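What follows is a set of notes on a single structure, which appears directly below.
Note that this is a predicted model, so its numbers are computed, not measured. Start at 1 and go down the list; that is how both ligands and their atoms are numbered.
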Amino acid sequence: MSHPQIIAILDFGGQYTQLIARRVRENHVYCELFSPDTPADVLRARGVSGIILSGGPSSVYEAGAPRCDLKLFELGVPILGICYGMQLMCEAHGGSVHGGSAREFGRVKLRVTNAVGPLAHLPAETTAWMSHGDVVTSASSDFETLASTDATAIAAVRHRTKPFFGVQFHPEVTHTPLGSTILRNFVYEICGCRGDWKTATVVEDAIERIRAQVGPRDRVICGLSGGVDSGVVAALVHRAIGDRLICIFVNNGLLRLNESGLVESTFRGHFGIPLVVADARRQFVDALRGVLDPQQKRKIIGKLFIDVFRAEAAKIEHARFLAQGTIYPDVIESGHGPKGKAALIKAHHNVGGLPEELGFELVEPLRMLFKDEVRHMGEALGLPEELLWRHPFPGPGLAVRIAGEVTEERLDRLRRADQILIEELTIAGWYRKVAQAFAVLVPVASVGVMGDGRTFDDQNLIVLRMVETTDFMTADWVHIDYEVLGRVGRRIVNEVNGINRVAYDISSKPPATIEWQ
Ligand code: XMP
């Protein structure tokens, strides 16, 4: 992206590096993650206003530890080293780093002896979050110590003549309460950024890029999923090229209640975007008949989705591009980010998109954005709140929320139970507070009494699942209000035929996963 000002974050593999990027961007300053060995010339060519060296799991004194190009220190731009980044910077200037004795983890008291540079406006004592085994045991005489803790004498430094700074603690995590002030000081007061990276400019910039890429006659196809990312992409591409965008929505019958209706009313109704709805409900249920294994279900659904999509796309003339809602964490986590393929952290299920052999060129306007930035963009583009704040929903949909065979009857029960849960959470003000909430249908023959009779045959159990998480890699069950839980349970049993029992899942991830299958 062509932004007037950019901060480069060199990623040494720290677990909080993405957070540094988010904190910088919260200050309306654009930043990108770069690999640790990015040549100084590349950063000069990008015209970076400042550089942040991230934390990381290595020790600077180990062979093979990631290093930065030493010419970075000759670029004349401000540099802030965080944890490993500070150790690297000090070592590169003749200081020494050792492991062992000064290990610190968690919140510590930070004594600020000189509140200048990134520590400007900080009180003499504050809290900082530490997570390190190594420390700078001596810095060269070029450096002055700005802060210390009980265990770490050199907890923050500045170079005496150059704009180089280091902090041993992590200003990017919320456990360092004044951390945002520190990063703000760095980007505004030291790097001279103006904070001109705002949603409106990001939208305008993305629109210009789409126009430049697509050209005046070609058409773009966008597969809508009902989720935030594809919705924002569609609205954005439509702003850029109007009716040359055609959206395809595959109704696989495994969706939440009213999902198809919401997509149609939003994109066709409100935005007036040409929308093809492929009604493939029958095909999917037929293909899933008798299938019990969840991985098998996923495979069948994934393949059929591509077949249906491909058939619809083939009917659209002059379609050269496919617009996809790939976002920045997908890019980083799928190994295409700064650390390259070798550092593949996880093969995240939500990354996916359509296969290359469909033969389209890709338009990916959200590639450099985080989820919250995508939501802000969606707000600016006028997408309804209901769509913007919808909980994530797996591609294989309700099929992996039915333990056992998928049938139309079970889908219908599950959909209605799920809708009751979502309605009650919304009314009680809980929906936005949980990361993901849904119902799971467990087809056990559950015994119950209803009216005067015993119910047994064809009675199923509904399990409610609600989790709190930010990254979906670990999650806690939500300590939801019992009143709300009780109301949801009562309504499900009263309103959904075939359900006589409701349970609440109190497993965390790990060891459980978020989905049941
Ligand atoms: P798990 O169950 O692995 O879920 O803890 C983590 C997140 O991924 C979603 N999920 C999927 N998304 N296709 C998807 O697009 C899938 O097959 C799939 N399985 C799980 C899940 O909803 C949660 O947000």
Side-chain angles (χ1 to χ4, degrees), residues 18 223-233 249-257 259 263 284 287-288 291-306 308-309 324-327 329-334 344-355 366 370-372 374-375 387-404 406 411 414-415 417-418 421-422 425 431-442 463-478 505-517:
Q18 278 197 42
L224 288 174
S225 70
V228 184
D229 305 336
S230 64
V232 171
V233 167
F249 177 66
V250 176
N251 186 351
N252 59 11
L254 309 170
L255 305 169
R256 291 167 284 193
L257 200 72
E259 188 131 38
V263 168
F284 279 86
L288 289 168
V291 180
L292 305 179
D293 174 50
Q295 290 311 89
Q296 189 64 21
K297 288 179 187 171
R298 283 188 167 84
K299 267 196 206 129
I300 292 170
I301 294 163
K303 185 176 172 311
L304 191 52
F305 176 83
I306 291 166
V308 174
F309 190 90
Q324 293 213 128
T326 316
I327 65 173
D330 302 341
V331 174
I332 298 168
E333 283 158 19
S334 62
L344 182 63
I345 298 169
K346 56 175 178 168
H348 200 275
H349 328 270
N350 284 325
V351 187
L354 290 152
L366 312 181
F370 289 109
K371 192 83 174 185
D372 46 341
V374 172
R375 287 210 170 98
L387 193 139
L388 287 177
W389 291 98
R390 261 195 150 187
H391 293 169
F393 187 64
L398 300 184
V400 290
R401 293 180 180 172
I402 293 173
V406 176
L411 281 168
L414 177 56
R415 226 186 314 265
D418 189 74
L421 170 66
I422 300 309
L425 288 183
Y431 186 76
R432 294 264 285 256
K433 289 194 260 177
V434 309
Q436 212 172 356
F438 54 89
V440 178
L441 185 125
V442 185
V463 177
L464 305 174
R465 182 81 166 132
M466 293 176 237
V467 293
E468 276 171 12
T469 173
T470 46
D471 56 13
F472 294 87
M473 290 162 74
T474 60
D476 279 329
W477 60 279
V478 175
D505 181 349
I506 52 162
S507 338
S508 294
K509 175 183 178 177
T513 51
I514 295 176
E515 299 291 344
W516 263 45
Q517 295 211 318

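- Ligand-side atoms of ligand 1 in range of Phe472: 6 (C), 24 (O), range being under 4.0 angstrom from any heavy atom.
- Taken to the nearest 0.5 Å, the CG atom of Leu464 stands 13.0 Å off from the CH2 atom of Trp477.
- In this structure, CD1 in Ile514 is found 11.0 Å from CE in Met473, a value given to the nearest 0.5 Å.
- Heavy-atom contacts of Thr513 reach the following atoms of ligand 1: 1 (P), 2 (O), 5 (O) (cutoff under 4.0 Å).
- Scanning both residues, Val400 and Pro394, for their nearest heavy atoms gives CG2-CG, 4.3 Å.
- Residue-to-ligand polar distances keep Phe393 apart from ligand 1: every N/O pair is separated by 3.5 Å or more.
- Listed by chain and number, the residues in a side chain to side chain donor-acceptor pair (under 3.5 Å) with Asp372 are Arg22 (sequence neighbours excluded).
- Among the atoms of Pro392, none of the N or O lies under 3.5 angstrom from an N or O of ligand 1.
- Under the rule for a salt bridge (charged side-chain N to carboxylate O under 4.0 Å, His left out), the partners of Lys371 that lie at least two apart in sequence or sit in another chain are Asp229.
- Atoms of ligand 1 found under 4.0 Å from any heavy atom of Lys509, numbered from 1 in the order shown, are 1 (P), 3 (O), 5 (O), 6 (C).
- Remark: ligand 1 and Arg401 share no N or O pair separated by less than 3.5 Å (distance only, no angle test).
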